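Owing to the predicted nature of the structure, the values given are computational and were not obtained by experimental measurement.
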Amino acid sequence: MLLGVNIDHVATLRNARGGVEPDPVAAAALAEANGANSITAHLREDRRHIRDDDIYALVKNIKTSLNLEMAMDEKIRDIALKIKPRAICLVPERRQEVTTEGGLEIGGRWDGKTDECEAQDSDRGQFEKVRDFIRPLIDAGIEVSLFIDPDLTQVRAAANTGAQFIELHTGSYAEAFGTAAEESEFTKLKMAAQLAQSQGLKVNAGHALNYENVCRMHDIPGLVELNIGHSIISRAVFTGLGAAVKEMAELVCL
Ligand code: PXP
């Protein structure tokens, strides 16, 4: 598995003082030097952490590749088409949320109780909107990943959009880690990954992964990349960013 290090919170800290420190580009370089296989940054509509100038500077300076997280916003898509990151990850965004709270709703909802996971015509979620939004990105040679919950209906819908990747939202698994609910949340991830791969999708995962719960990601065959931010930046406060990334890279990229 590969490790994508999310540097949004370096920008959050910088913006708290309105100055230039700490610099997300310097953080990206340090992450790369300590084992990050790619750099992930989320250009939110409200620009609360990463800003346009950060994205331009990252593209110019990073040595690995950029995974740009973005919502279905045409202006941000124009930026992506201009800078051509290696990959974009499409995420839902709500202004008031603290972080990305759930996956994209591309198809109808699956109740988890039956094998029936075809979206109903009357409940097609945002399928057409997503499919049409990502087309120019795919045509430009950018890898497109859709951030979805481990829900079989969403996986099937994602497979029909033309996206090459999905990123499975690991938030519920992370929350359940160490509790009675862990096993069922883990199974959802595993089943979703398996279905996605059988439909020709490549599978990444991320959100709320940390130094403990990340280890079970090795038990999901074929995961390509994990995108991890908060736990690494939190540890970096105590150990330094280089050591925090190195330790995570050792757990992820066995
Ligand atoms: N993947 C996606 C799509 C995200 O939106 C986020 C949060 O920005 C992450 C991964 C990283 O999550 P965390 O900061 O909890 O590791």
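Shortest non-hydrogen contact noted between Asp132 and Arg77 is O-NH1, 4.0 Å. Taking all atoms of both residues into account, the shortest heavy-atom contact from Tyr211 to Leu251 is O-CD1, 3.5 Å.
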side-chain contact (heavy atoms from CB on, under 4.5 Å) between Asn15 and Arg51, intermediate numbers included: CA-CA 10 Å; Asn15 297 353; Arg51 302 185 302 232; 3.4 Å; yes
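Taking a cutoff of 4.0 Å between a charged side-chain nitrogen and a carboxylate oxygen, Glu93 and Arg48 do not qualify as a salt bridge. By the 4.0 Å N-to-carboxylate-O rule, Asp52 lies close enough to Arg47 to be salt-bridged with it. In this structure, Arg216 pairs ionically with Glu183, as a charged nitrogen and a carboxylate oxygen lie closer than 4.0 Å. No salt bridge links Glu128 with Arg131; every basic N to acidic carboxylate O contact stays at or beyond 4.0 Å. Between Glu143 and Lys202 there is no salt bridge, since none of the side-chain N atoms of the basic residue sits less than 4.0 Å from a carboxylate O of the acidic one.
Both Val252 and Ile233 belong to a common hydrophobic cluster when Ile, Leu, Val, Met, Phe, Trp and Tyr are linked at side-chain heavy-atom distances under 4.5 angstrom. Hydrophobic clustering places Leu201 together with Ile106 (ILVMFWY residues linked when any side-chain heavy atoms are closer than 4.5 Å, directly or through intermediates). A chain of hydrophobic side-chain contacts below 4.5 Å, direct or via other Ile, Leu, Val, Met, Phe, Trp or Tyr residues, connects Leu168 to Leu195.
Applying side chain to side chain contact (heavy atoms under 4.5 Å, CB included) to Ser172 and the options Glu185, His207, Glu182 leaves one that passes, Glu185.
For the residue pair Asn227 / Glu167, a side-chain donor-acceptor distance below 3.5 Å is found, with atom types taken as modelled. Counted by atom type alone, Asn6 and Thr40 present zero donor-acceptor pairs between their side chains at under 3.5 Å. A donor-acceptor contact closer than 3.5 angstrom links the side chains of Thr64 and Glu32.
Going from atom CG of Leu68 over to atom CD1 of Ile142 covers 8.5 Å, rounded to the nearest 0.5 Å.
Between Phe147 and His169, the two ring planes are parallel [angle under 30°; tilted spans 30° to 60°].
With a 4.5 Å cut-off on side-chain heavy atoms, Asn67 and Cys89 count as touching. Between Val144 and Gln164, some side-chain heavy-atom pair lies under the 4.5 Å cut-off.
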